[in-house]
Amino acid sequence: MNPTPKPRQDTSSTTGPGAARPKSARRRSRELALQGLYEWQISRADISVVRSHMREQDEFSKCDNAMFDALLQGCIEQAPALDSLLTPHLDRPIAELSPIEHGVLMIGLYELQHCLDVPYRVAINEAVELTKSFGGTDGHKYVNGVLDKAAVDLRPAEVAAQRLARSASRAE
């Protein structure tokens, strides 16, 4: 029941200027949490069953276990609250979102709300990358727009400071 990412060239062992960096443990945690959220949304299985399935994945040993647990458990336990935060920024009902977009948005919102050590732009960019890997063709654009709006509500001071810094650098 796990979504299968679109095939991408494995460049983790490639060298050179165009080579991609290997995935970080945090990126792997987000990917596995998204797969777990997908399973949970489709099957409504108990969180312990979902967690167990994800721990059986080959990539699990390379993830940040604490982050994975926080994302998966936090998103499932706080799903109604996250959906309430999400709703004002959507142009359609939550039921019309794909399970991937919904899961990515939940992870992004959870990070914006609870992972204050992660800069808001990083949380949004990570969500966009997840959507590019697992979602539909232009889903990443939608996720970016929704989380950008939500960040203004969840981290107003950080967003304002970032925009002010960007404006100042353009004025120079």
Side-chain angles (χ1 to χ4, degrees), residues 1-12 18 20-45 47 50-51 53-60 62-64 67-115 118-155:
M1 281 205 175
N2 296 334
T4 305
K6 293 177 230 164
R8 283 193 166 182
Q9 182 180 357
D10 181 15
T11 57
S12 58
R21 292 183 297 167
K23 291 180 186 176
S24 70
R26 287 185 148 212
R27 168 76 52 92
R28 291 178 199 276
S29 299
R30 289 178 182 102
E31 289 177 349
L32 288 166
L34 176 60
Q35 291 173 16
L37 285 172
Y38 180 87
E39 178 180 342
W40 175 75
Q41 289 179 80
I42 300 301
S43 71
R44 291 298 175 186
I47 188 171
V50 173
R51 184 182 289 122
H53 288 160
M54 293 303 101
R55 289 181 185 282
E56 293 171 2
Q57 301 299 312
D58 291 336
E59 296 290 305
F60 191 81
K62 298 176 186 174
C63 85
D64 178 331
M67 182 175 188
F68 164 78
D69 283 335
L71 291 175
L72 182 67
Q73 185 164 342
C75 288
I76 290 174
E77 288 178 353
Q78 297 178 24
L82 292 171
D83 285 350
S84 292
L85 289 171
L86 187 57
T87 301
H89 306 293
L90 298 176
D91 64 353
R92 64 188 91 153
I94 288 177
E96 292 180 16
L97 294 174
S98 77
I100 295 297
E101 287 174 352
H102 190 200
V104 169
L105 288 168
M106 290 172 73
I107 289 170
L109 283 173
Y110 183 87
E111 284 198 70
L112 288 171
Q113 191 173 32
H114 299 286
C115 303
V118 177
Y120 88 96
R121 291 301 316 157
V122 172
I124 293 172
N125 288 338
E126 288 293 324
V128 166
E129 290 303 316
L130 279 175
T131 311
K132 285 180 180 178
S133 294
F134 294 94
T137 304
D138 286 331
H140 67 282
K141 295 175 186 176
Y142 186 73
V143 164
N144 185 56
V146 170
L147 290 178
D148 221 26
K149 292 175 193 170
V152 173
D153 292 343
L154 295 171
R155 297 205 191 166

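Identified under the side-chain hydrogen bond (donor to acceptor under 3.5 Å, both in side chains) test for residues 86-97, with sequence neighbours left out: His89-Asp153, Asp91-Tyr142.
The backbone N or O of Leu112 sits less than 3.5 Å from a side-chain atom of Arg155, completing a donor-acceptor pair. For the pair Thr131 (side chain) and Gly139 (backbone), a donor-acceptor distance under 3.5 Å is absent.
Looking only at side-chain heavy atoms (C-beta outward), Gln73 and Arg51 come within less than 4.5 Å of each other. The closest side-chain heavy-atom distance from Met67 to Leu71 is below 4.5 Å. Between Met54 and Glu39, some side-chain heavy-atom pair lies under the 4.5 Å cut-off. Inter-residue side-chain proximity for Ile47 and Trp40 is flagged as unmet; no heavy-atom pair is nearer than 4.5 Å. Within the 4.5 Å cutoff, no side-chain heavy atoms of Val118 are placed close to those of Glu126. Arg55 has its side chain out of reach of Leu32: every pair of non-hydrogen atoms, C-beta onward, lies at least 4.5 Å apart. Contact check for Val143 versus His140: no side-chain heavy atoms found under the 4.5 Å cut-off. Side chains of Asp148 and Arg121 form a contact here, defined as non-hydrogen atoms less than 4.5 Å apart.
Closest non-hydrogen pair, Val50 versus Gly36, comes out as CG1-O, 3.3 Å. When every heavy atom of Ala123 is checked against every heavy atom of Glu111, the shortest pair comes out as CB-CB, 4.0 Å. The shortest non-hydrogen separation linking Tyr38 to Ile100 is CD1-CD1, 3.6 Å. The two atoms that bring Cys75 and Leu82 nearest to each other are CA-CD1, 3.8 Å, heavy atoms only.
Asp58 is linked by a side-chain contact (heavy atoms from CB on, under 4.5 Å) to nothing, counting only residues two or more places apart in sequence or in another chain.
From Leu37, atom CG reaches atom CD1 of Ile42 across 11.0 Å, with rounding to the nearest 0.5 Å. Going from atom CG of Leu90 over to atom CG of Leu97 covers 5.5 Å, rounded to the nearest 0.5 Å. The CD atom of Gln41 lies 8.5 Å from the CG atom of Leu34; values are rounded to the nearest 0.5 Å. The distance from atom OH of Tyr110 to atom CD of Glu77, rounded to the nearest 0.5 Å, is 8.5 Å. Taken to the nearest 0.5 Å, the CZ atom of Arg27 stands 7.0 Å off from the CG atom of Leu130. The CG atom of Leu109 lies 6.5 Å from the CG atom of Leu105; values are rounded to the nearest 0.5 Å.
Salt bridge annotation for Lys132-Asp138: absent, with no cationic side-chain nitrogen under 4.0 angstrom from a carboxylate oxygen. Glu129 and Arg30 are not joined by a salt bridge, as no carboxylate oxygen comes within less than 4.0 angstrom of a charged side-chain nitrogen.
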